[in-house]
Structures are given as C-alpha cells and as structure tokens.
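Input: a single structure, listed below in structure tokens.
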Amino acid sequence: MRITCPHCGERDHREFYYKGHALALERPAADAGEAAWDDYVYLRENPAGVTRDLWYHEGGCGAWVVVTRSTLTHEVLSTEPASEARA
Amino acid sequence: MRIEGKGLIARDHRVSFTFDGVRYSGFEGDTLASALLANDVRLVARSFKYHRPRGILTAGSEEPNALVTIGSGGRQDPNVRATVQELYDGLEARSQNRWPSLEFDLLSVNNLAAPFFGAGFYYKTFMWPRAFWEKLYEPMIRKAAGLGALSGQDNADCYERAFAFCDLLVIGAGPAGLMAALVAGRAGADVILADEDARMGGRLLAETYEVDGKPGHVWVEEVLAELRAMDNVRLMTRTTVAGAYDHGTFAALERVSHHRADRGAGAPLECYWRIVARRSVLAAGALERPVAFRDNDRPGIMTAGAVRAYLNRWGVAPGKAVTVFGNNDDAHRTVRDLMAAGVHVAALIDSRHDAPEVDGVQMIRGGQVCGSMGGRGLEAITVRRTSGEERIQTDCLAMSGGWNPSVHLTCHMNGRPEWRRDIASFVPVPGAVPGLRAAGACNGAFSTAACLREGAAMAAAALEDLGIKVPQVATPDAEDTPYALEPLWAVPGKGRAWLDFQNDVTVKDVKQAAVENFRSVEHMKRYTTQGMATDQGKNSNVAALAVLADATGRGIPETGTTTFRPPYSPIAIAALGAGAEGKGFQPQRFTTSHAATVARGAPMIEAGLWYRPSYFPKPGETDWRQSCDREVGYVRNAVGVADVSTLGKIDIQGADAAKLLDFVYTNMFSTLKVGRVRYGLMLREDGHVMDDGTTARLGEDHFVMTTTTAAAGEVMKHLEFVAQGLHPEWDVSLTSVTEQWAQFAVAGPKAREVLNGVLDTPLDPTEWPFMSCGAVSVLGVVARLFRISFSGEQGYEVAVPARYGASLFDILVKRAEALGGGPYGMEALNVLRIEKGFITHSEIHGRTTAYDIGMGGMVSAKKDCIGKTMSQRPGLEEPGRECLVGLKPVGQDGRLLAGAHIYREEAEPKRTNDQGYITSVCHSPTLGHMIGLAFLADGPARYGEIVKMVDGLRGVTTLCEVVNPIFFDADGGRMRG
Amino acid sequence: MDNLVAKSPCAGLLPLTVGRSTATEVDAGKMTMVSPRKGHAEALGKAMQSAHGLGFPAPNSAGTAGEVRAIWFGHSSALLIGTEPADGVREAAALVDQSDAWAVVRLEGAGAEDVLARLVPIDLRLVSFPVGATVRSKIGHMSGSVTRVGEDAFWLMVFRSMAETLVHDLKSAMEAVAARG
Amino acid sequence: MRFSGLRVLKEGLTGNKGWRPHWRDPEPKPEYDIVIIGGGGHGLSTAYYLARDHGLKNIAVLERGYIGGGNIGRNTTIVRANYFLQGNSEFYSHSLKLWEGLEEDLNYNVMHSQRGIINLFHSDGQRDAAARRGNMMISQGDDAILLGREELRKMVPYLNFDDLRFPLYGGLYHPRGGTARHDAVAWGYARGADQRGVDLIQNCEVTGIDIENGKVKGVQTVRGPIRAKKVAMVAAGRSSQVAAMAGMRLPIESHILQAFVTEGLKPVIDNVITFGMGHFYISQSDKGGLVFGGDLDFYASYAARGNLPTVEHVMEAGMALMPMIGKAKVLRSWGGIMDMSPDGSPIIDKTHIDGLYVNCGWNYGGFKAVPGSGSVFAHLIATGNYHPASTRHRLDRFRTGRGIIDEEGKGSQHNLH
C-alpha cells in the first residue's frame, strides 16, 4: 500500500503507524457526558467503504496525516495533514 | 533420449549431476527435468497420499510431480521443481517421500487401500479410542505426510531483499511481454521486464514458429539485444513476479545463484524484490491442462506443450513411441514437431469427431484415452471410440485438455476472473488489479500474432495513462492460427482418474464430495484438498471445477470461480525474511558507555532496542546477587554511577509548551519554575496510565521531558498527536534529544563529591535543592544537571553531549570507585527503586489507573487533561480494585516471586479466590529480606494483614504482610538531604 | 586533571570499501534542529538566507552554501549543519542542538544506488533523486535521513546509538551488490 | 449416519456409494424461534448447543455465502486456554474442556491435537508476566509449566539459542494447548446442528433486522423475510454492518490478519510455538505445511488481503527465531477480517433491543473459542442469563469501565490488541 504524505509525497505504508478513525481529532469537552466520551474513545462506525483515518508518518517526516480511503479496496482518495483537517 | 540437432542447449558444455546417487550427464541450458528425460529417467517422485510412481508432467514452475531435494546440510532445499532447476556441474538431486527407495516404496501400500482413503475419510474415523489420536493416529499421519524434508539445521545460504521502481512492469517475456517491453522501451519509459525463466522468450523457445520471418528464438534474441542496449529498460531473468499488492506494489523473487555450482562468492541465493510500478502489463502466458482418465498419472504421461518444449528447447524426446491425445488443434503441433524431428508418433487421438486431419500419423477422431498401463512408467494406453476399445503400445502420452490463461496475479486483490465459453477458460477481468493490463495468452489470446499485438497495445495504453508518447512499432508477422477446442475434462469410466496429481485427488473424490453436500467450490476444495498442493491447483482447478459443476448439475460460471492467493509460486521464508537472522532482526542501540561496560564483564540485557548492564561482576563474586547487593550498597552508603541515557528525552519549546504539558500530564506543569523539575504522570485517553517521568523547565518556553525507555517512541507520537491533531493552534516544537545527550545518574551520600570532581564550579547545595536543574560546565563542556533520584538517595543526573559520554562515564566511575562506590546495573537499580516503592512498567502495565498506583491525588482537579474524564468512569474508581501495596514475607527467609498470585491466608488458591498478584520482587540487602510490590484488592486499606502468596508454577507458598510500598526512608529525607 | 575526550558515533566501524562502494564517517560539525515558531516561517527563511546564505529548505530538499547545509528533516523542521545559528534564526525558531544525536555516513561509488536499493523503500536513482534531494525514510529497520550530496554520493543519517546496525546493514548490502559483479 | 472406522471400511468395500450429505439444504421457513445471523464457527456452534443443551430445534442459521467461509476457514488453527485475566481465564478454560470431548460429541474427527503450546519469553520482566499467566492458569485448574532455557532447548533445540536478537530465557508451556483442523470444526458443528433439526441456510444474506417497539421481530434476507422471536448476531468480520441494521454502533474496528502456509514437509515442528517479541507463532499441520502468522496489517480493512510490510515482518521473525525453516517455501498467504475490540476481548451479550443478541469482538483469537462461545451464547439466548464462564463479556464494560479485560494492556486502540 502506498500513501501520499502531504509533505513527503507518495510513500510505502511501511513508513507509517496507524492509529484508527479520524474522529480521534474531535475530542469532546471534559463535561460532554458519558455517551459522548464512549462514542469518542470506543464506539466506531467501522464502515465497509470510505473511511477517514489517522496515520503517523513515523518512519518519515513525523506528520500526522488524515487519509480518506476505502476499507474495501484500499484505494486512497485523499490525504491531508491532521493539523489542517479539523477546520 | 536426446535428439541430435534439436534444442537451444550448449552442446559443447557437458555437465555432470547425480539423481539418487546415480551419475548422469546433461548440457548447460538443461533443466534437471530435461536432463533426466534425456537420460531416460522417467520415475522421479512419489505422490503425496498413495505414493504412486510419478514422472515429469510439465516443463515449467507449475510442475506438480517432479519435486526433488537439492543439496544437503544447511543448504538442503526440499521440494525443488526439477522443471525449474537449471543443471550445473556437480548438482546433487534426491527423490522425496519414499522409503526405502524411489523404486520400492513401502508406503505405496496406501495405493491398495485407496478405497478407504476417499475424500474426507479422516473426518469419519480415528476417533476411538480417544487417547489414540495424539499417541498413534496423528504421528502416523504426520510421518506419512509432507513431501521433502527440512534438514533441521540453520539455513546456510545468503539471501537479500531489494526495492525497485519503474513506470511499467512487464510480467513475462514471451511474445506479448517482449512486444510490450519493446514498445515501452522505445518510448523511453522506465521499464522492468521480468521473467521466471532463465532464458527469456516464453513459448517462442518451445515452439517452432517463425516471427518476422525468422525462427522465434532468433527474433527473441534480437529484441533482447535491443532492450539490453536501452538504459531505460531493466531485464530481470529468473525473476518470478509472485504477488500483486496495493497501489502498484509487486513482490518478485529472483533466483540469483540456484544455477551456480559455486555459491561461495558471497552471492545471495535469492533476492526478494518489492517492485513499485506505476503501470503493469501481465504477459504471463497460459498453462496447459491435463485430461482426467483412468491412471492418467503414470510417468511418461505429460502435457503436450511440455513434450514440444522438451523437444524444441532441450532437444529431448520423452519417449520412443509417443502418442498424442487432445481436444484441440494446438495438440496437433506436437505431432508435427515430433515427426519433423524423426520421433515415432504412435497415434494422434483427438476427442473431436470433426478434428482437422494431420498427415502421416494414425489419427483417431472422436476417441478418448480411457486408461493406461505400465509399472513405474507408461507402457500402453487404452483408447475408446464408438467402435470399441483399443490398446496402443506407447511409452509417452502427450495430452492436452486446452490451455488455462495464467490469471493468478489478477486474483491477488480479490479479482474474480470470468468464464469464456469459446475457449473454455477463465480470463482476467480488466481492472482486477488497478493499473494492470493482461496481454496475450494470459488474456485468452493464444496465437503468436495476437500475443504480439496485445503486448504492443497494452503497453501503449499503459504509457498513454502516464502521458508518455507512444512510438509506432510495427507488429512482426507471426502465425495467427485460431484456437479451437471442444471441452473434455474427464473421460468417463471406472477406476481412478487424477485431477490434482500431487495431492492424489481424483474425479471420484470430487463427485463424492458433491454427494456429501460439499457442493460449494470452496467446500469441495477443502474437503478433498483439491488445489492445495504445491502447484496450488494450477494444473487442476479448472478441471475439478468442471467435474463439480457436472456432478451438481450446474454450469461452470454458477459453480464458482477459482481464485488464487499469493505467491504465484512458492517462496522461501529465508528470502522473504532475508537479513533477519541473529542480530539483524531489529536494530541494536548502544549507549556511549557500552564498550566500557562490556569491558568490565557486565552481562547485557535488552531494554527495548537498547542494551543495558545487568550488573558489574567483581573478581570472587560467584552469583549475580553478590554483585547486585554490593552495587546497592554503593548507592545507599557511598556513591553509584549508572548510565540512564536510554530514557527518552523530548525537547519541548514554544509559547504553548507549558499548555501542552498541562494537557498531557495529570498534574500541573505551567506552575513549575524555571530551573526546577517535576514528576509527571501521563494517562491514555481511556484513563489508564501511559507513562511517567520527570520534566524539567529549562526556560520560560523550554522544557525537557523524560520518558521511560520502553515508552519513548509511544510518548513522542502521543505528543505529536496532541500538538498536530488536537491543538494545531499551539506554538510548540517537539524534538527527540535522547541521542544528543549521554546522561548518567550519580547517586548516594557521596554523589556531590564525585560531581564536584568534574564540575567546573562546585555544587552549592542551597542552589541545587532536590528537583532542581540547570546548565553546568563539566570539564569545560556545556552540560546539564538534574537533581533527581530514582534510588531514594541524594541523586543527580548529569548530561553531556553524547560524544563525551564514553569519556565521562569512565571518569565518573573512576571517581566513584575512589570513594568506595562504583558503577551499578539494572539489577541494583531495580532493588533501589523497589525499596522506595517507585514504579516501572511492571506496575504501569497498561491496565492500571492513577488510583490503582496510589496517585489518584496527582490528577489535578483544576484542569482537563488527556484521560481525565475516562479515568472517572465508575468502574475505574470503585472499591475492590487491585491497588499497589508492598509485601514482605512473614519470616525473614520467606520467598517472594513476581507473577505469583495472592489469596487470603485461609483461602484455597483458586481463581475465584484471587486477590491480586505480585509485579516486582527483590532481595533487599538494606532490609535483609525479600520485598515485593503487588496489586491487591483494596490494598491500601489492608496494611498489616497477612496474606498468602501462591506460585503454583514453581510450587512456592509464602505468607506475607501487606505493607506500605515505600519500604525505606518513607519521608524521603535521604534524597532531599 | 581529567579531560573529556570526544568519540564519534562510527569510531572503529568505518571506513569500509566493498566492491564499488565506500562508506566513510562524516564529521558534520554543528547540527541544529530548526523549527519555525508559529507564524514565523517566512521570517525564519529570510533570517537563514541573510545569515547563512540559504533559505529554510523545501520538503525533500537540501541546500548548501559553502560549508553550510540545511537539510529538510521533518514536517516542520530542518537540520542546519556546519554553523552556529545566527541570532535572527534564534528569534524565529525553536533551536535544538543535534550535533551529537546522529551518525552521519557518506556512501559513495558506482554501487551506492544499488546498495541503498536494498535498504531504503524509495527510488533513489539519479533521475528521480538528484543532487540536493533528501528524504526522511527508513534505512533497513531504522528511521533515517538520506540526502544525495553528489552524482554518486549520499549522506545517510541514523540515530547515533544505531551506528553499528547501520554499518552492519550497509556492509551486508555492499557485499551482496559486490558479489553480483 | 454415524461415522466410524467400521463405516469407512464398509463403504470402501462397497464402492463408497452409501455416503450421504453431511447436512441438508433446506428452504427457509417463514418463521423460527431463533435466527442466527452468520454460519461461521460461532454461529454453527451456537445453534448446535441451543439444540443439544436447551432442546431447542426451531432454529435457522443464515449464512451469506457458504458455511464455515469466514474466519474459521482462514486461521492458524490454534486451540489454547492460557489467559491471565478474570473473564478470559474461565471462559477459555471452559472452551478447552469442550474441545477435549468434541470428537465424541460431534461424531466428527476435527483432528484436535493437544501437542502443546510454548510461549517464549526473553527477559526477566517477561518471565514474571509469564509466571503471572501460568499461575492464573493453574488457579483456574488448567495446566502450565514454566520452562527454563535448558528445558526449552531440550524440547525445541532448533530455536536460535546462540545469537537471537532477544535471547531465549525460557517458555511457558501449556501441554493441553494445540491445534485442530479448522474446516472440520465448522463441518462437524454444521452436521451436528443439522442432525438436531437446525436449518442451515446458505447463500442467504441478511439485509435488514426488523424491530418494533424495541423488540426484534425478524430479519429481511435476499431470500425473503423471516420472522423470529430471537435474533443472534454472530457475524465476526461483518459485525458492525449487521449491528448497523439494528441501528447500533459497536466498539469494533475491522482489521486484516494475514497467515501463511508452506509446502508440505516431513514433521519438524512438534508443538505450537509463539514468539511474542516477533509477534510470530507457528505450528506444523498434519499435512506437513508450516502454518504461521504474526501481527495485524494494522489498518482498518475489509479487503481480506494484506500487504507486504507485514508479510516481511512475519518472515523476519521466523528467520530470527528458527533459521532452520529458511528453506521452507511459502505456498499460500491469506487474510482474514478481524473484529478488533478495544480491550482485545470478546463481547457476548444481550443488546438494548429485546430479543436481539450479539456475539463479536474476537480479535484474532476466535477459533479456539468456538465451542465455548457457542455454549455460553446458547445459554444466554435460551435462558436470558449469563453463563458462569462468561459473565464479564459485557457490551457496556467500556462505558462503565467495569471489567475491562485488556490482556495486552494497550488500551482503547483497537489494532494494538
């Protein structure tokens, strides 16, 4: 699998560490309540199709990258730096 | 038998080899298979289940029968296909799966018991008596199973791995592949042409066709010469593209030295390539399929294309009287080529009533071979025609059931090939592997001209995708005969007709599977083991599917499609994992004091990727405990020196650095004063402890964080995630400085004295209270000093740029020794911290909370931090949780063991009574008995209680008293002093 | 009086020549990680240009100005090599001394590309990786930095503690390449 | 038809004409008491134990493809009970006991082979963790033996004792652990369930779950609607999609796990060996192939195929640990879709919808759990109460923080378990 790092360009995925769904960027407020936190930390939509997930270019430039891709075909649709993804 | 004047072998280079100890000779350019056939060796192997005598079926890597072992000792290579192994002088090959010999194999008795060994028989028996399975039945089955054997010795050959990149990868160098490479090469594209054979050319080397008005192999040489001259084209012979993976990534195996007698030159035996191609053309050709009939597995029965290959490429006639049996026009070529070479053709049997005439041979139209005779090699066949059965004496049968396009790679990404009725074969679905186009025979185009055309066209299409201009390349003239066949999968009749030769799966087995309701193709495959032999069904899957379709009254497309998984042909583990033997498995990280430490005889232990000393033995010490106790004594009574450079160190700078720390630690860091250090506890977002360590404030916007050795990488990722993902608006920069600084703990009552010997300005105790830090000058070098303690004694950590680490370590140790101290290792470090109740990852093992380790109070109420909300879930704070305590044995000699579990004194030691477990133990030389840290249900409320430690594994039960985990100097006076 | 003696990361391990490639240790001098402060990227570039003669390098590129080099080193950092950062740089960036953190090895010779093709999952052939190109990637199992410093010469950098593994991996690859002739 | 050696003999002598289908292919009925979604190992064993232990017969197992086509058809066949946390310890112990009587019970030779499992350790810390695990196993009534380096060398002399990157300190030996013929387990349960009247319906994908007023009413399928009093979701690999039909989100991420088999070789590895430092485990099948695997591919995926970095890592671990397997050739690799839960342990529970049950989150340890899972899930469905061996596999444990069973200690990141 090859992933385009927004800084480095297309790279073998062996350079990347995978964290999970990009909803990790949407951290709830401390007082958001039990359901919101359960959603954030544990529950997953886990789609069979397009998903957005977080990869860390650990063996490369150290950027956290949001990757939009298909879990069925592994096709990568787009990538962007996590630092710009939340806006 | 060798035919003079035929073949592309080097007749002037004779080489000698042995098979089962018998010496034979062949020529350079031979495969082991062609040389054996040239020497009239027909019996080459035994089958898997029935130990049937087997010969050579094919002339390629799909060979299911002729598997041999090459070499011996650490170089012993089992299951090598004789059809792929190139001959070299001194080659030693042995047959497999036979005892005592290939000729007389006792287990061929299985063949007589075949009626009881039908599909799935073992699921129905061997169940009684129960104990017999492991003791009798299974060992028996295991012993009989398997073909070749590993030597049991460490692999002695060298392997390597490499990466390659290209615009266009062309897989297969037959007519289609060569044309594709030629077009792309002339266009200036960056091309790799890979072919599994030692010699490029594919079927053009095995046939007598002309291309562009000259013999096919001559045209091949001309094209190769042009390609070799191009800088932008790489030719990879002996390279099997074995797997298609995501985004243009391919795995390929290059057989670098299998054909070389001398491998001593340090050359790798194989190279495993990862090829990244922007586009690819699959030109893998097609594989001929056998026809199933009674006893179609005797040595001497081969595919018709293989017979032509042996004749035309290697100048070998596999028999003296060859019979050809087919259902298609292509088989007729075999007759023509054999006759032209002067080989007697006994008959041509074509199952089609309307088959075209072939002159000069006895032709039986509408006939079917329905049986074979012979002992260890074919002697005669029986042919059935409407008028009755007839016996034909023959020692070689060339059979052809048609050709299967090599669609394998197009299945590797879950592509399902589709059925083409006109050629009775599966063909690839375009797009099955993104960026890959199939051309030629693997795409169902069987004439040479069609292959050339498709090769050129697919390369052109690929280049157009890439925006590379495509030159006009004329397609050379070549035969363009249509391919006509009438499907024939299995000749009806009694007896056993083989589908999967190696695994001994017969038509009957497939039918029986269908009767037993294993009607799904996957069920049939798994129930009969059809297609699971070393050829992965290359020779048999389509026919087996057809038999199943027939047995279940369905068409082939409805029955299912065959699929193939990587690798295309088997790859040695040594190639895939090349370089990982021994220390090559993972990087080794050495501290700057490593050499000095080893020189002192310290046994080294792994800490993550790092190496750290266990202890520093002294002459006369016979046991590690003596060394350890002595080193603990250094620190408690004088001074000890330890290299602590392996701890992670992260430089954190920026206007929002303090904010970041407040957010990732449970406690406050924005309130920390410049020049001071604070211990911090870090949680994961799920509320459990991630790591701990000290962080020093070097400047208003400048901190340096310490992590544990094990968690350094994880913490760095975590901080980057917070900085980039959760708070990209913060001004903060993170840099690992673990490697920049060599850092040494100097601890003990005489620590200051040692340091004053190297500091350019002596320490003023009032300026350097406990938990202070700052820049210092060490022997003229700018350094950092931290007054922190992991031992409970007055302690400092001094950091110098790593280039001076080795030197400073020597100086500190020398000075410590002069004061009655010295270096200490991990064992002593562990004792010191357990005596103080300090935790490590033995305690913060990922399942504990701040509350569990008695640090609930460190979670600041004033702010949010990572993990805070989830740490307040009811289940993580309620009574009954296992919390950190100290344990000491009731008697001085009581033995504690880490990993032991804890029970109430009177309770039976069973799971339902479990109260906790011990995480760390040591013998405390300071206290004179063992001590331990443990997690105990409601632990802190139970100080003074006597509990029972039980270690069932080692048979130790010890009564212990639950105590405060800080065993020594509870008020911390010594480390503040 | 005690005296601190400096020791380089590859001391005792290099130089090494096998076949047509040679690995030698580089004493790069002062190395400083330069990370622009939030909102100061432009100012940093200008400060570097005026003080050191080269700007903050673009991703995957390395600049040189006389003895000074700047190698792009991460999503928001570069390694300034061969000089003390000037005051203007100090104002616009977080600076971290890395002079002792990295082993720097020069690999050169006609076989160098083939050697690296065995270790680095990136196309490092001259056409796709010209002089002045750099990557952060993996060298074997290690995170590292590869920069082309000449037509047939590269700088390889890994953490100092892994110098021995780097040399081990290089040696294996160099031998395999050499054995092929 | 009862299977036996005698039967095989008799059939062999009479032309093997008497064999009958191992299970029927019935048409779906309009209504069942219980519909089980998923005809994999867990679904089939659940049906079997509902029939065997609770006398229930009006049950359908709905399978989208062919029975046994999920992870039970693509795993590394290891059977063990060597867990150390409450919740898992008693559950896998229960499961192993069922394995030990499975052949007689099913009258089907699933080739359960108790050849022993060795978990290697490489440091004092790892020995302590192994001891904690072994002691838990013993306190649960199971077997565990702590092997020192020399004892280990006697058992498996071909490991790299000389220069392994992470040296061998010893191993935790679990003699009752072993392997089984994975497909046969599915077929044996299918046959057993069928014989007890359960309808196994293949090629019957469920497309919807009918819920009225918080109570389950049945399912929609490609072969029409089927009413049901109770519906059990046992569709590992597709758990999230099935649950979504009921409007639920699960704490599950789907990941790829690859596995590998070599060509058939004469016996050379007698036990199951696991090399934690390399995330590598290996055994040799009765057919002679070395069957081995490693860690996940790490990214969420339903593609049932992996990529090269993981392949290479697994092979590296193999070469590091036992360089004598170098010449064994990998014949086939494949990928399965793992239901990764946030603590690495399964979920076997009721849901907030009346009559709807869920069984998921087996991570990569579902095969050994097949008998236990079916037995405790059947108990829950039939009685409404938790089986004593599975009181902790609750769906709400993450929300409440009560009884999280995190053997790896990796926390809520799914792919780290």
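Note that this is a predicted model, so its numbers are computed, not measured. So that the names make sense, note that chain A is the first sequence line, chain B the second, and so on, each numbered from 1.
- Qualifying side chain to side chain contact (heavy atoms under 4.5 Å, CB included) partners for Pro115(B), counting only residues two or more places apart in sequence or in other chains: none.
- Using a 4.5 Å cut-off between heavy atoms, Lys287(D) touches chain B through backbone and side chain atoms alike.
- Only the side chain of Asn503(B) comes within contact range of chain D, with heavy atoms under 4.5 Å apart.
- In this structure, chain D has no heavy atom under 4.5 Å from any part of Ala513(B).
- Looking at Ser520(B), the atoms closer than 4.5 Å to chain D (heavy atoms on both sides) all sit in the side chain, from C-beta outward.
- Interface residue Arg24(D): only backbone heavy atoms are found under 4.5 Å from chain B.
- Ala186(D) does not touch chain B: none of its heavy atoms, backbone or side chain, sits under 4.5 Å away.
- The greatest number of non-hydrogen atom pairs below 4.5 Å with chain B, out of Asn203(D), Asp162(D), Ile138(D), Asn307(D), is found for Asn307(D).
- Contact annotation for Tyr122(B): both backbone and side-chain heavy atoms come within less than 4.5 Å of a heavy atom of chain D.
- The candidate from Arg7(D), Gln86(D), His313(D) with the greatest count of non-hydrogen atom pairs under 4.5 Å with chain B is Gln86(D).
- The side-chain hydrogen bond (donor to acceptor under 3.5 Å, both in side chains) search around Trp23(D) returns none, not counting sequence neighbours.
- Residues His22(D) and Asp194(D) have side chains not in contact (no heavy-atom distance under 4.5 Å, counting atoms from C-beta outward).
- For Leu146(D), the parts lying under 4.5 angstrom from a heavy atom of chain B are both the backbone and the side chain.
- When heavy atoms are compared at a cutoff of 4.5 Å, Ala129(D) does not approach chain B at all.
- Taking Gln140(D), Arg332(D), Glu11(D), Glu103(D) one by one and counting their heavy-atom pairs under 4.5 Å with chain B, the maximum is reached by Arg332(D).
- Heavy atoms closer than 4.5 Å to chain D are found in the side chain of Glu827(B), but not in its backbone.
- For Tyr169(D), the part lying near chain B is the side chain, with the backbone staying farther off; criterion is any non-hydrogen pair under 4.5 Å.
- For a residue to count as touching a neighbouring chain, one of its non-hydrogen atoms must lie under 4.5 Å from one of that chain's; by this rule Arg161(B) touches chain D with the side chain only.
- Heavy-atom distances place both the backbone and the side chain of Thr534(B) under 4.5 Å from chain D.
- Within the cation-pi definition used here (under 6.0 Å to the ring centroid, within 45° of the axis), Arg191(D) qualifies as a partner of Phe3(D).
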